[in-house]
There are 2 protein chains.
Amino acid sequence: MSKAPPPKPTDSELEILHVLWQHGPATVRAINDNLSQRRQAEVGYTTTLKILQLMLDKGLVRRDDADRSHVYRAAVREQETQGLLLDKFVDATFGGSALKLVMQALGSRQTSADELAQIRRLLNDIEIQNSTSTADDDDNA
Amino acid sequence: MSKAPPPKPTDSELEILHVLWQHGPATVRAINDNLSQRRQAEVGYTTTLKILQLMLDKGLVRRDDADRSHVYRAAVREQETQGLLLDKFVDATFGGSALKLVMQALGSRQTSADELAQIRRLLNDIEIQNSTSTADDDDNA
DNA sequence: TTGCAACTACGAAGGCTTTCGTAGCATCTT
DNA sequence: AAGATGCTACGAAAGCCTTCGTAGTTGCAA
């Protein structure tokens with residue numbers, strides 16, 4: 001009955017999720033080391049620990065505390081989480097228009113020919129889907 | 001001299017900026033009415049006033065206090081502000097890859113044929129620019 | 001002129017996020 | 001066995017954002 005939807009991660013939490021998504025399950029020590037590398041400065045060990053504990057409460061991570069050093073792993077998927085954040089961002093910043101966002105992202109930025117090609121490929125896929133799936137749409141979120 | 005870079009607006013501030021971008025200069029009363037419409041609930045008048053005062057401090061808006069009812073107007077441009085926010089968002093959420101963001105935005109979302117066409121047009125423009133303006137480029141990212 | 005309505009300024013509370021210090025406990029080493 | 005090391009739990013502080021109440025002032029109307 002109660003599948004509480006996973007809440008929107010904060011910036012620090014998102015940073016930790018990136019580590020977990022990239023490296024898989026890890027101890028606080030490993031996560032903290034990784035975080036310290038990414039940033040300029042050292043991150044306090046207990047800071048990382050605390051955030052992980054809060055994330056556990058929120059359901060953003062799970063942990064295995066069989067061993068003395070608990071092992072944390074992401075409880076939310078990368079794409080889903082990014083999609084969630086993207087939705088909110090599009091609403092807040094571009095009034096809900098994903099098109100505006102895409103135009104802005106492509107327009108005011110260096111985009112390589114390779115990337116442009118990838119996007120074209122995606123556009124083709126979408127158009128094919130749009131034209132073929134018109135008969136059988138059975139999607140509910 | 002010190003052209004202090006305009007700081008990143010918060011969510012509430014951004015909401016107010018949207019009103020100002022859309023309607024031009026306005027009084028607190030007008031802004032507050034507009035805000036109250038967008039949301040479900042009434043927004044406290046002094047809440048709006050307070051945020052505008054903070055925005056004035058930050059340089060996000062300017063005001064004309066010739067009349068008793070001060071008139072506020074945006075001091076930052078829509079596109080620039082959106083670009084700034086987009087940069088931060090891409091960094092935090094997609095590890096700096098604008099491509100991933102675009103793919104996610106287009107992939108997990110309903111995109112109309114019309115919108116797809118607009119994006120294609122933009123892609124064409126970009127490719128033309130890439131080939132004409134840099135006749136002799138070997139690109140390195 | 002007196003009183004009401006509208007406006008600005010300001011302080012403060014509450015919530016959230018991030019950071020860190022400390023305490024307590026288990027483990028390992030010598 | 002005893003001490004050092006490393007780990008977790010927890011409390012608390014600081015900063016930021018949002019919200020609102022209150023006080024003081026100005027302008028208008030009766």
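Sequence lines set the chain letters: A, B, ... in the order given, protein chains first and strands last, and positions in each chain run from 1. No hydrogens, no waters, no symmetry mates; every other heavy atom, side chains included, goes into these values.
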[X] has an atom [atom1]; how far is it from atom [atom2] of [N], in whole Å?
{"X": "A:L49", "N": "D:dA12", "atom1": "CG", "atom2": "C1'", "answer": "16 Å"}
{"X": "B:M55", "N": "D:dC16", "atom1": "CE", "atom2": "P", "answer": "17 Å"}
{"X": "A:N32", "N": "D:dG6", "atom1": "CG", "atom2": "P", "answer": "14 Å"}

Worksheet entry | Under 3.5 Å donor-acceptor, A:T27 side chain and A:H70 backbone | no
Worksheet item: Can you check whether A:S69's main-chain N or O pairs, donor with acceptor, with A:D67's side chain at less than 3.5 Å?
Response: no
Worksheet entry | Residues in contact with DNA chain D, drawn from residues 57-76 of chain A - heavy-atom cutoff 4.0 Å |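 Nucleic-acid contacts, sorted: A:R63, A:R68, A:S69, A:H70.
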Worksheet item: Does anything in residues 8-30 of chain A reach DNA chain D, meaning a heavy atom under 4.0 Å, and if so which residues?
Response: A:V28, A:R29
Discussion item. Can you confirm whether B:V102 sits close enough to A:T111 that some side-chain heavy atom of one is under 4.5 Å from a side-chain heavy atom of the other?
Written reply: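 In short, these two side chains do not touch, never coming nearer than 4.5 Å.
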Worksheet item: What are the residues of residues 36-47 of chain B, sorted by number, that bring a heavy atom to within less than 4.0 Å of DNA chain C?
Response: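 By residue number: B:Y45, B:T46.
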Counting only pairs under 3.5 Å, give me each side-chain donor-acceptor contact of residues 48-59 of chain B, with atom names and distances, residues two or more places apart or in other chains.
{"residue": "B:T48", "atom": "OG1", "partner": "B:N32", "partner atom": "OD1", "Å": "2.6"}
{"residue": "B:K58", "atom": "NZ", "partner": "B:E13", "partner atom": "OE1", "Å": "3.4"}
{"residue": "B:K58", "atom": "NZ", "partner": "B:E13", "partner atom": "OE2", "Å": "2.8"}

Worksheet, complete the sentence: Rounded to the nearest 0.5 angstrom, the CG-CD1 distance for A:L123 and A:I126 is 6.0 Å
Worksheet entry | Terminal contacting nucleotides, 5' and 3', DNA chain C versus chain B (heavy atom, 4.0 Å) | C:dA6 to C:dA12
Please tabulate, one pair per line, all N/O donor-acceptor pairs under 3.5 Å involving side-chain atoms of residues 72-92 of chain B, not counting sequence neighbours.
{"residue": "B:Y72", "atom": "OH", "partner": "B:R63", "partner atom": "NH1", "Å": "3.2"}
{"residue": "B:R77", "atom": "NE", "partner": "B:E80", "partner atom": "OE2", "Å": "3.0"}
{"residue": "B:R77", "atom": "NH2", "partner": "B:E80", "partner atom": "OE2", "Å": "2.6"}
{"residue": "B:E78", "atom": "OE2", "partner": "B:Q82", "partner atom": "NE2", "Å": "3.4"}
{"residue": "B:T81", "atom": "OG1", "partner": "B:R77", "partner atom": "O", "Å": "2.7"}
{"residue": "B:Q82", "atom": "NE2", "partner": "A:T93", "partner atom": "O", "Å": "3.1"}
{"residue": "B:D87", "atom": "OD1", "partner": "A:R109", "partner atom": "NH1", "Å": "3.1"}
{"residue": "B:D87", "atom": "OD1", "partner": "A:R109", "partner atom": "NH2", "Å": "3.1"}

Practice prompt. Among residues two or more places apart or on two chains, list those pairs meeting ring pair (Phe, Tyr, Trp, His ring centres under 6.0 Å) that have a residue in residues 15-59 of chain A.
Written response: A:H18-A:W21
Counterpart residues, salt bridge (charged side-chain N to carboxylate O under 4.0 Å, His left out), relative to [X] (two or more places apart):
{"X": "A:R120", "answer": "B:E127"}
{"X": "B:R29", "answer": "none"}
{"X": "B:E115", "answer": "none"}
{"X": "A:R38", "answer": "none"}

Discussion item. Using the side chain to side chain donor-acceptor pair (under 3.5 Å) criterion, which residues pair with A:Q104? Sequence neighbours excluded.
Written reply: A:S108
Worksheet item: Considering residues, nucleotides and ligands other than A:N124, do more than 12 of their heavy atoms fall under 6.0 Å from its CG?
Response: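 For A:N124, atom CG is crowded (more than 12 foreign heavy atoms under 6.0 Å).
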